[in-house]
Amino acid sequence: MSSTVIKPTVYVETTVISYLTARQSRDTIIAGHQQTTRDWWKTCHGRFELFASLLVLQEASRGNPEAAQERLKVLNTLTLLDVRESAEVPAQKMVDAGAIPEEAVEDALHIAIAATNGMQYLVTWNYRHIANAIKQRFIAEVCEKADYQPVVICTPEQLMEES
């Protein structure tokens, strides 16, 4: 009797794809994040089921055409989640609650898409609006009030295997 191993589900936000495919930055912090992302990417496929959304696809399509092409090439390897209408309600509630500013409604939508699709993790380098320890409590409250399990928001570094 064979048993199927169910892998944890991860919503990959746009910043991770950008750090994965970008030229090496001269900024030491960004360069470190880029290397961590590349290291994580080498091992994550065997350990997680990776997902993105049409919103990630749209964001990755912006900017320099050659860079966008590299991002889209990576995204073609991931399963795209439905952007459910039901995601708009918790996203707007995150904005209304002040967890995410109005001008960053797309960040709230990433979180809501992950939650409404039952993702276990949302991986990002966006510390300003998503992987922000102060905001995460408010984000979790909004998800719970909308009857969705809050997604664990983290960076690739936090999902790394032990060496």
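Note that the structure is predicted; figures quoted are calculated from it, not measured.
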query = Partners of Glu88 by salt bridge (charged side-chain N to carboxylate O under 4.0 Å, His left out), sequence neighbours excluded?
reply = none
request  = Using atom types as modelled and distance alone, determine if a side-chain donor or acceptor of Thr9 lies under 3.5 Å from a backbone N or O of Gln120.
outcome  = yes
message = Between Lys135 (side chain only) and Ala99 (backbone N and O only), is there a donor and an acceptor less than 3.5 Å apart?
response = yes
ask   = Does the side chain of Leu159 reach to within under 4.5 Å of the side chain of Trp40, using non-hydrogen atoms?
value = yes
ask   = Can you say whether the rings of Tyr19 and Trp125 are parallel (under 30°), tilted (30 to 60°) or perpendicular (over 60°)?
value = parallel
request  = Give a yes or no on whether Val16 and Val74 share a hydrophobic cluster (residues Ile, Leu, Val, Met, Phe, Trp, Tyr; joining criterion: side-chain heavy atoms under 4.5 Å apart).
outcome  = yes
key: pair Thr155-Thr124: side-chain heavy atoms closer than 4.5 Å   = no
task = State whether the side chain of Glu59 and the backbone N or O of Val56 hold a donor-acceptor pair below 3.5 Å, judged by distance alone.
result = no
task = Please confirm whether the backbone N or O of His45 pairs with a side-chain atom of Lys7, one donor and one acceptor, at under 3.5 Å?
result = yes
ask   = Any luck finding a side-chain donor-acceptor pair between Thr116 and Ser86 under 3.5 Å?
value = no
query = Who pairs with Ser61 by side chain to side chain donor-acceptor pair (under 3.5 Å), at least two apart in sequence or on another chain?
reply = none
ask   = Do Thr15 and Glu13 have side-chain N/O donor and acceptor atoms under 3.5 Å apart?
value = yes
Sidechain-backbone polar pair: Arg71 side chain, Arg62 backbone, donor-acceptor under 3.5 Å = yes
remark   = Nearest heavy-atom contact between Ala115 and Cys143 is CB-SG, 4.0 Å
key: Donor-acceptor contact below 3.5 Å, side chain Asn64 vs main chain Glu66   = yes
request  = Determine, for Arg137 against Glu144, whether the closest basic-nitrogen to carboxylate-oxygen distance falls under 4.0 angstrom.
outcome  = no
Side-chain H-bond candidate by donor/acceptor type, Asn132 with Gln136, under 3.5 Å = no
Heavy-atom check, side chain of Glu102 versus side chain of Gln92, under 4.5 Å = yes
